Amino acid sequence: MNTKRIVEAILFAANRTMTVTQIQHVFPELEQPDLKDIQAAIDSIMEDYSDRPVGLKKLASGYRFQVKEGMAPWISRLFEEKPPKYSRALLETLSIIAYRQPVTRGEIEDIRGVSVSSQIVRTLLDREWIRVIAHKEVPGRPALYGTTKQFLDYFNLSSLDELPTMEEIRDSEQDGEPLAATEPTEREKQEATAEAENKESETTSDEAFSKAEADISPPENNTIH
């Protein structure tokens, strides 16, 4: 039995990320290699693919084969469906959660300076990019939000340590790469307007984002469970 060849075939055929333990369980019980042998096979496979257009990537929830970033302009032509685009408000909210977690909706609103649409929170929960990790011990016990392994996988990250610093984000915007992909949807606009009517005043979206940039600071020793 060639463990490396079997592990490569398993990872290539899988339509999801797989951990070392999950790979081990694919083998018949009496033929399962040790975890260290599977890990050695994975490391060797990653080295084999280091100079190829396809690579084996370690993400938060396991390993998976994927096309390398430089091939995206060509590969994207295979698919008629365009990738989803997200509003600036949604991306700002997700960024604050990623950098300040655990954080409540009220704290997000304090940082942004405007209301957070219920639709934005539902979208992030439905996509499993965020989850309720606890409730803050204050009156009302508001939910504390944090990011998930699915969030890391989607953005091609293996841990929160790989998140760009705020300086890198500002530099990318100055180079013509804005954070937001599109304007808010009509539904988001309507909900945000309805929620904002109960507030006496609010800053503009540009002022809110500047405030968010100034207030966000990377977390210390954050881990995803």
Side-chain angles (χ1 to χ4, degrees), residues 1-28 31-86 90-91 94-95 97-99 101 124 127-131 146-173 175-181 218-219 221-225:
M1 178 179 66
N2 189 317
T3 299
K4 178 180 174 180
R5 289 171 61 86
I6 296 174
V7 169
E8 182 175 358
I10 291 171
L11 288 167
F12 188 84
N15 60 354
R16 58 187 175 87
T17 56
M18 296 192 72
T19 65
V20 175
T21 301
Q22 289 171 335
I23 295 171
Q24 184 189 52
H25 289 165
V26 176
F27 288 81
E31 300 178 13
Q32 290 181 355
D34 293 336
L35 293 177
K36 64 179 182 179
D37 293 333
I38 295 177
Q39 185 63 61
I42 290 173
D43 293 341
S44 181
I45 294 168
M46 293 179 73
E47 185 176 351
D48 290 345
Y49 281 83
S50 61
D51 60 349
R52 300 181 188 179
V54 176
L56 183 58
K57 175 76 174 180
K58 181 180 180 182
L59 298 171
S61 58
Y63 296 88
R64 75 179 177 201
F65 273 108
Q66 62 186 45
V67 176
K68 294 185 178 178
E69 293 181 5
M71 299 293 105
W74 291 271
I75 301 304
S76 62
R77 296 175 65 86
L78 290 173
F79 306 99
E80 294 183 1
E81 182 179 355
K82 294 183 179 180
K85 293 184 178 181
Y86 302 103
L90 184 145
L91 292 177
L94 179 60
S95 297
I97 295 172
Y99 283 98
Q101 61 185 300
L124 293 173
R127 290 197 64 89
E128 297 184 337
W129 285 356
I130 66 171
R131 64 187 178 96
T147 55
T148 64
K149 289 184 178 179
Q150 288 85 345
F151 159 78
L152 294 172
D153 287 352
Y154 185 87
F155 289 98
N156 210 27
L157 305 170
S158 61
S159 72
L160 289 171
D161 293 336
E162 294 184 4
L163 284 170
T165 64
M166 295 310 299
E167 288 185 2
E168 291 172 336
I169 293 174
R170 282 190 286 268
D171 290 343
S172 68
E173 289 197 317
D175 291 338
E177 300 176 12
L179 174 64
N221 301 323
N222 270 320
T223 56
I224 297 286
H225 300 289

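As a basis for the values below, the full set of heavy atoms in this structure was taken, side chains included, without hydrogen atoms, waters or symmetry mates. Note that this is a predicted model, so its numbers are computed, not measured. For this chain, numbers begin at 1 and follow the sequence in order.
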Practice task
Could you check Phe65 against Ile45 for side chain to side chain contact (heavy atoms under 4.5 Å, CB included), going step by step and ending with a plain yes or no?
Solution key: CA-CA 10 Å; Phe65 273 108; Ile45 294 168; 3.9 Å; yes
Problem - side chain to side chain contact (heavy atoms under 4.5 Å, CB included) between Thr147 and Leu152, worked out - result: CA-CA 8 Å; Thr147 55; Leu152 294 172; 5.5 Å; no
Problem - Heavy-atom donor-acceptor pair, Glu162 side chain to Ser159 backbone, under 3.5 Å - result: no
Practice task
Would you please test Gln22 and Tyr63 for side chain to side chain donor-acceptor pair (under 3.5 Å) and show each step?
Solution key: CA-CA 10 Å; Gln22 289 171 335; Tyr63 296 88; over 6 Å; no
Fill in the blank from the handout: Which of Asn156, Val54, Leu56, Thr17 passes side-chain contact (heavy atoms from CB on, under 4.5 Å) with Gln66? It is Asn156
Exercise for the section: Verify whether one side chain among Tyr154 and Glu128 offers a donor that lies under 3.5 Å from an acceptor in the other. Expected result: no
Completion exercise
So CG of Leu94 and CZ of Phe151: to nearest 0.5 Å the spacing works out to 5.0 Å
Practice task
Check the side chains of Thr3 and Asp37 for a donor-acceptor pair under 3.5 angstrom, ignoring hydrogens and angles.
Solution key: no
Fill in the blank from the handout: Between the CD1 atom in Ile130 and the CD atom in Gln150, the distance rounded to the nearest 0.5 Å is 12.0 Å
Problem - Enclosure of Lys58 NZ (heavy-atom neighbours >12, cutoff 6.0 Å) - result: no
Handout entry: Side-chain touch Phe27/Ile10, heavy atoms, less than 4.5 angstrom
Key = yes
Problem - Charged N-O contact under 4.0 Å between Asp153 and Arg64 - result: no
Problem - Under 3.5 Å donor-acceptor, Ser44 side chain and Ala40 backbone - result: no
Problem - With Tyr49, the side-chain hydrogen bond (donor to acceptor under 3.5 Å, both in side chains) member among Lys68, Glu8, Lys57 - result: Glu8
Exercise for the section: May I ask you to decide if Pro33's main-chain N or O and Gln24's side chain share a donor-acceptor pair within less than 3.5 Å? Expected result: yes
